[in-house]
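Read through the structure below, which is laid out as structure tokens, and then see the notes.
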Amino acid sequence: MKTLLLSASIAIALGCAVLPAPAFAQTSEVRYVVNNTPITSYDIQRRAAFLQLQRRGGGQQAAADELIEQALRRNEVRRLNINISDDDVAQAYQRFASSNNMSIAQMDQVMSQTGVTKQHFLEFIRSQMGWSQALAARARHDQGSRVSEQDAVQRMLQQGGEKPVATEYMLQQVIFVVPAAERGARLATRRREAEAMRARFQGCDSTVQFAKGLIDVTVRDLGRVLEPQLPPEWADPIKSTTAGNATVVRDTDRGVEFIGICSARQVSDDTVAQAVFEAENLGNSADSDDLSKKYTAELRERAQIVQR
């Protein structure tokens, strides 16, 4: 499942002349409260400007409805402990600008002139990325209760395919912990420390020994992870790193991290078939849309939504 599925729909609009910024009210009042999350009139104005940029109609009410759904999904993402780092969001914003032949400064200008604002779009990106991971987790849970390894193999064989081959990774996660309250003061220092340890990485056997002399460093053995099961935010760095080496260092909500590739090998068994079957089904956009609607409807039924 690809991230930012909905944001791609504004690509054509960005290639057109910049729309005039809508006139915003000077005051901001709370219009809705969704499970203790406020949605203000200013939030609604910015989303209405975003809809206009997408060449979509609906005005204020459509904007309010979208923000209510976004709040429901954001609360669910938080419940699932899914963390989308500022770096991930910034990189997605940069990729979006590049895909529209814009620099970051030009993209910022479009967001400002149309009344969307950069911050609103960044939060939209964060919401999309988090919801994509929540959908993937839900789909895996639903499929896991219905499709066994043997069932997955049989379905693939019935469809004329052979049992698939995938890369099996043994992984190790190294976290340089940075408390949220100290993030501004310590993040750069911790990043340098992580880079230094990554440069010394020579395989997973020595990582714990290296970490013993460091403060607030956690080493976690992640065990066997098949390529289709890699976390989306780490998939590309892991696949581009050879066994015995470590991925690039990334800032996350926990601090600064990298992943050590203990080993990588090609395997073909029933577990691989199940993982590939699930990944292929997760990539079906129609299924994803249906699941998103169903999941969101369930969240709405359980939610407390108050209109002011």
Side-chain angles (χ1 to χ4, degrees), residues 1-3 77-95 122 125-126 129-130 132-134 136-137 140 166-267 271-272 275 278-279:
M1 182 181 300
K2 297 184 183 298
T3 56
V77 166
R78 189 180 299 118
R79 186 188 71 82
L80 295 173
N81 293 319
I82 296 172
N83 297 309
I84 306 300
S85 71
D86 292 343
D87 275 358
D88 289 336
V89 174
Q91 289 169 15
Y93 185 79
Q94 184 173 23
R95 287 194 300 271
L122 290 176
I125 290 173
R126 189 187 303 277
M129 296 177 79
S132 178
Q133 291 190 32
R140 283 193 297 269
T167 303
E168 175 195 82
Y169 295 96
M170 297 297 291
L171 302 175
Q172 193 175 66
Q173 183 180 33
V174 182
I175 307 170
F176 284 69
V177 179
V178 181
E182 302 174 17
R183 192 171 180 86
R186 297 188 59 197
L187 193 62
T189 299
R190 298 297 270 170
R191 193 181 299 122
R192 288 193 294 270
E193 293 173 350
E195 290 284 5
M197 183 172 176
R198 174 183 175 272
R200 298 170 60 195
F201 187 87
Q202 297 178 343
C204 297
D205 293 341
S206 57
T207 312
V208 174
Q209 188 64 34
F210 284 160
K212 280 185 178 179
L214 300 172
I215 299 174
D216 293 335
V217 176
T218 300
V219 178
R220 298 172 55 199
D221 289 320
L222 301 181
R224 179 194 193 206
V225 182
L226 296 170
E227 183 178 333
Q229 299 170 331
L230 292 172
E233 67 273 21
W234 284 107
D236 287 341
I238 289 172
K239 287 187 286 187
S240 62
T241 304
T242 56
N245 293 296
T247 67
V248 294
V249 169
R250 297 176 65 252
D251 296 346
T252 70
D253 287 348
R254 290 177 291 267
V256 183
E257 305 180 24
F258 64 81
I259 302 290
I261 315 301
C262 309
S263 66
R265 63 175 184 143
Q266 296 294 299
V267 295
T271 304
V272 173
E278 290 176 355

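Quantities reported herein were computed from a predicted structural model and do not represent experimental measurements.
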Does some side-chain heavy atom of [Y] sit less than 4.5 Å from a side-chain heavy atom of [X]?
X: E182; Y: R190; answer: no
X: T252; Y: N83; answer: no
X: D86; Y: D251; answer: no
X: Q172; Y: R220; answer: no

Nearest heavy-atom neighbours spanning [X] and [Y]:
X: D253; Y: S85; answer: OD1-CA, 3.9 Å
X: R186; Y: D216; answer: NH1-OD2, 4.2 Å
X: A211; Y: V217; answer: CB-CG1, 4.0 Å
X: T242; Y: I261; answer: O-CB, 3.8 Å

Is [X] salt-bridged to [Y], cutoff N-O under 4.0 Å?
X: R250; Y: D87; result: no
X: R192; Y: E195; result: no
X: R265; Y: E168; result: yes

Not counting sequence neighbours, which residues clear side chain to side chain contact (heavy atoms under 4.5 Å, CB included) with L80? List them please.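 So L80 forms a side chain to side chain contact (heavy atoms under 4.5 Å, CB included) with E76, I82, A134, Y295.
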
Among all residues two or more places apart in sequence or in another chain, which pass the side chain to side chain contact (heavy atoms under 4.5 Å, CB included) test with Q202? none

Do the ring planes of F176 and F258 sit parallel (below 30°), tilted (30 to 60°) or perpendicular (above 60°)? tilted

Enumerate the residue pairs fulfilling disulfide bond (SG atoms under 2.5 Å apart) with a member in residues 181-210, sequence neighbours excluded, ordered by first and then second residue.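 Of all non-adjacent pairs touching residues 181-210, those that pass disulfide bond (SG atoms under 2.5 Å apart) are C204-C262.
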
Please walk me through it: do V77 and I84 pass side chain to side chain contact (heavy atoms under 4.5 Å, CB included)? CA-CA 10 Å; V77 166; I84 306 300; 5.5 Å; no

